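Notes for the one structure printed next.
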Amino acid sequence: MIALLIRDLRIAIRAGGGFGLGLAFFLIVVTLVPFGVGARTELLRAIAPGILWLGALLACLLSLDRVFALDHEDGSLDLLATAPIPLEAVVAIKALAHWITTGLPLVLAAPLFGLLLQLEPRGYPWLVCALLAGTPALSVLGSFGAALTVGLKRGGLLLSLLVLPLYIPTLIFGADVVRRGAQGLDVTTPLLVLAAITLASVALVPFASAAAIRVNLR
Amino acid sequence: MSLWEYANPVKFMRLTDRLWPWAMGLAVVTLVPGLIWGFFATPDAENFGSSVKVIYVHVPAAMMAINIWVMMLIASLVWLVRRHHVSALAAKAAAPIGLVMTLIALVTGAIWGEPMWGTWWAWDPRLTSFLILFLFYLGYLALWAAIDDPDTAADLTGVLCLVGSVFALLSRYAVNFWNQGLHQGATLSLDKEEHIANVYWFPLLLCLAGFVFLFLVLLLARTRTEIRLRRLRALEHRERMQ
Amino acid sequence: MSLLHIHDLCVARGGMAILQNLCVTLDRGQAIVLRGPNGIGKTTLLRTIAGLQPGHGGTIKLPAEGVAYAGHADGLKPSLSVLENLQFWASVYGGRSIEAALDQMNLADLQHRTAQTLSAGQKRRLGLARLMVTGRALWVMDEPTVSLDTRSVALFAQIVRQHLAAGGAAVMATHIDLGLPEAHVLDLTDLRARARGGFTPGDPLAGDYF
């Protein structure tokens, strides 16, 4: 299983863009926002938590269609399905690899983007906290969508349509943590709910993803 | 004789052949008088005006929008566990009806909201939840449409319906947490009939029943069509083989 | 001591039966070559044996985790080297040594090249080397000799023979003569599903209700 994780990370590094592309996309979104809404500090400060979460969400979505599609094309998925590792573990590992290549860089770079959007200084720790607690759920749910659409030729758009509604709870609680943190309010409730959603998703969704992949391999 | 007997398409077709006219009749005798009574024979409410009459479409449509999703969830579970084709096809047949019901609920809600709150749309938890439900219906239908093999499509949409149900419910509570709204909560819901005067309640009840029967009529017709389509596919395949 | 036992299997593609009444028993040391025109269901049958899709009616008995499957695609990552590709599959299947496989498939000189620089035949050889590191008894191979030159085909035949001698077994679909006289040939043409008009056993849609 570790071999699988190492392989996926190695491919992401060698293929180029695995780490960088999501971040670059995030940067572009954050750059475009002030052009759209105006550069007034108080306005940007008010919408910063939401924009940062939306950017993270879209950056995560960008690389999802590759999670299983490449392995499906070159036959690796067939071989992994007949391998001694349970397919549920394969799915979970691939979601983890996706998180390490897109989610983790976003978490680490988010304070910089917060700076661009004039986020309140006291909001930074909560921004990192919320992204750290929430982005694993984005990867796991996204890999579920990728598993559903793995056999389809034009799966990319459908993938977004299937996955984005599933992101609503994570987005709501994640952005709320940052908003409350920035205003100096108590963040316990949304942060705990966010963590609960992530933990439950990580524990249960791989079973659904594995079932979807088995169906798609038929 | 168990209920599962009717999961056999042959038995299902035979039964629904007899059942369908009755469902149609019941839908007509409940919905037509219910709507006429509601629209023309009830007084205007003193604080709502005549716009209140939209509830005879709005409330039943909203109720069906949720219940159809629940029905799809149950049908998907039956398909995933017991592999009855009729069940999967019924879920497929129900989805567009649910989508339209959600749309009706949203549109009539907007039409009612304008005179009531002075706005066509507000990011109120209930309205938002229905919008989210609409998105889930869209995703479900898009997945059905995207996959060619019928059994694969049934399996994948079944799994999506399962996971989607959990997240639709989760979104409902998340949205509540996110924004406390302005939609009146209890006055028009089914279990709180004491808040609504009898003069409005009886026609509403008739309309609610009417929408249930209307759904049944549409569902049976669509499921029968889906079964015939599957049968047609199979026959075409047989012709190619020979 | 049979490794694979198939009884009265019906195989379906897209929900329609294509092969039926299939009975096969394969002992250790035996190989079967599947023959038949395109579209008869060779790939579908191989995938069913490998457990990638369900059979309809009938039984397939084989030891748990006993199958190594090789499909049309080789499961190689273009950006990884030959060595890394093979090492990955070896560790997924339980960490066997890969030197022997590299040597026997004539890949030792190529081991540090990335897979994207290999020719189609070299990729194929790497895909077959993967079978050797799985350590599994039953090899299920779909057109294993595609894009192999004559010498590599001979190499492949020798490796299959060696696998059989070591107590393994193989099922493969191929059109060319491998030079494996000991392999049984199973022609699927006679097993085409006709009797039920393409319906799988127990398919409720097969009933007449019009």
Side-chain angles (χ1 to χ4, degrees), chain A residues 49-50 134 137 140-177 179-180 189-190 192-194 196-198 200-201 203-218, chain B residues 69 73 76-77 79-81 83 88 95 99 102 123-125 127-181:
Chain A
V140 171
L141 290 171
S143 65
F144 170 63
L148 284 177
T149 55
V150 71
L152 299 174
K153 301 242 166 6
R154 48 200 159 71
L157 204 62
L158 180 64
L159 177 66
S160 319
L161 182 59
L162 297 181
V163 165
L164 284 176
L166 301 178
Y167 282 174
I168 291 171
T170 304
L171 174 64
I172 287 178
F173 290 108
D176 203 59
V177 169
R179 195 176 304 118
R180 287 186 187 211
T189 314
L192 285 181
V193 177
L194 184 66
I197 292 171
T198 300
S201 302
L204 298 175
V205 172
F207 290 95
S209 311
I213 286 186
R214 282 201 190 93
V215 171
N216 266 324
L217 288 181
R218 264 190 340 225
Chain B
W69 185 274
L73 172 63
S76 301
L77 276 172
W79 159 251
L80 291 175
V81 176
R83 315 296 295 175
L99 182 84
T102 316
W123 288 98
D124 160 272
L127 276 65
T128 313
S129 300
F130 270 89
L131 191 59
I132 293 171
L133 184 63
F134 187 73
L135 293 178
F136 275 101
Y137 272 120
L138 275 183
Y140 180 88
L141 280 166
L143 190 60
W144 261 111
I147 303 166
D148 292 329
D149 182 71
D151 278 3
T152 305
D155 279 330
L156 293 179
T157 52
V159 174
L160 176 69
C161 186
L162 227 69
V163 176
S165 299
V166 174
F167 277 85
L169 203 64
L170 201 59
S171 303
R172 174 91 183 84
Y173 290 104
V175 162
N176 261 342
F177 173 86
W178 165 72
N179 200 352
Q180 325 295 333

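None of the values given here were measured: they were computed from a predicted structure. Each chain gets a letter, A, B and so on, in the order its sequence line appears, and its residues count up from 1.
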>> Suppose a student defines contact as a heavy atom less than 4.5 Å from any heavy atom of chain B. Which residues in residues 158-165 of chain A would they list?
In response: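 Against chain B, the residues of residues 158-165 of chain A that fall inside the cut-off (heavy atoms, under 4.5 Å) are A:Leu158, A:Leu161, A:Leu162, A:Pro165.
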>> I'd like to check the side-chain contact (heavy atoms from CB on, under 4.5 Å) partners of B:Leu131; sequence neighbours left out, ordered by chain and number.
In response: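 Applying side-chain contact (heavy atoms from CB on, under 4.5 Å) to B:Leu131 gives B:Leu106, B:Trp121, B:Trp123.
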> Picking from A:Leu166, A:Ile168, A:Val205, which has the most non-hydrogen pairs under 4.5 angstrom with chain B?
Replying inline: A:Leu166
>> Quick check on the interface: out of B:Thr157, B:Val159, B:Asp149, who has the most heavy-atom pairs with chain A under 4.5 Å?
In response: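 The candidate making the most pairs under 4.5 Å is B:Val159.
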>> So which residue, B:Leu160, B:Leu135, B:Leu138, ends up with the most heavy-atom pairs under 4.5 Å with chain A?
In response: B:Leu160
>> Just to verify, what does B:Phe136 make a ring-ring contact (aromatic ring centres under 6.0 Å, His included) with, not counting sequence neighbours?
In response: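 Scan of B:Phe136 (ring-ring contact (aromatic ring centres under 6.0 Å, His included), adjacent residues dropped) gives none.
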>> Which atoms of B:Asp148 are under 4.5 Å from chain A, going by heavy atoms: the side chain, the backbone, both sets, or neither?
In response: neither
> Does A:Arg218 come within less than 4.0 Å of B:Asp155, counting only side-chain N to carboxylate O?
Replying inline: yes
> So, A:Tyr167 versus B:Phe167, ring centres under 6.0 angstrom or not?
Replying inline: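 They do not qualify: ring centres at least 6.0 Å apart.
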Pairs of donor and acceptor atoms involving the side chains of residues 143-152 of chain A, under 3.5 Å and at least two apart or interchain, shall be tabulated with distances.
unit_1	atom_1	unit_2	atom_2	d
A:Ser143	OG	A:Ser139	O	3.4
A:Ser143	OG	A:Val140	O	2.7
A:Thr149	OG1	A:Gly145	O	3.0

>> Using heavy-atom distances under 4.5 Å, tell me whether A:Leu204 contacts chain B through its side chain, its backbone, both, or neither.
In response: neither
> Checking A:Leu171 against chain B: side chain, backbone, both or neither under 4.5 Å from a heavy atom?
Replying inline: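 When you check distances to chain B, no heavy atom of A:Leu171 falls under 4.5 Å.
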>> A quick test of your reading: do over 12 heavy atoms of other residues, nucleotides or ligands sit less than 6.0 Å from CG of A:Leu157?
In response: no
>> I need the B:Leu162 CG to A:Phe207 CZ distance, nearest 0.5 Å.
In response: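 Answer rounded to 0.5 Å: 14.0 Å.
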>> Looking at every heavy atom in both A:Pro169 and B:Ala174, which two are closest together, and how far apart are they?
In response: CA-CB, 4.1 Å
>> When you compare the side chain of B:Phe177 with that of A:Thr189, does any pair of heavy atoms fall below 4.5 Å?
In response: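 A:Thr189 vs B:Phe177: side chains touch.
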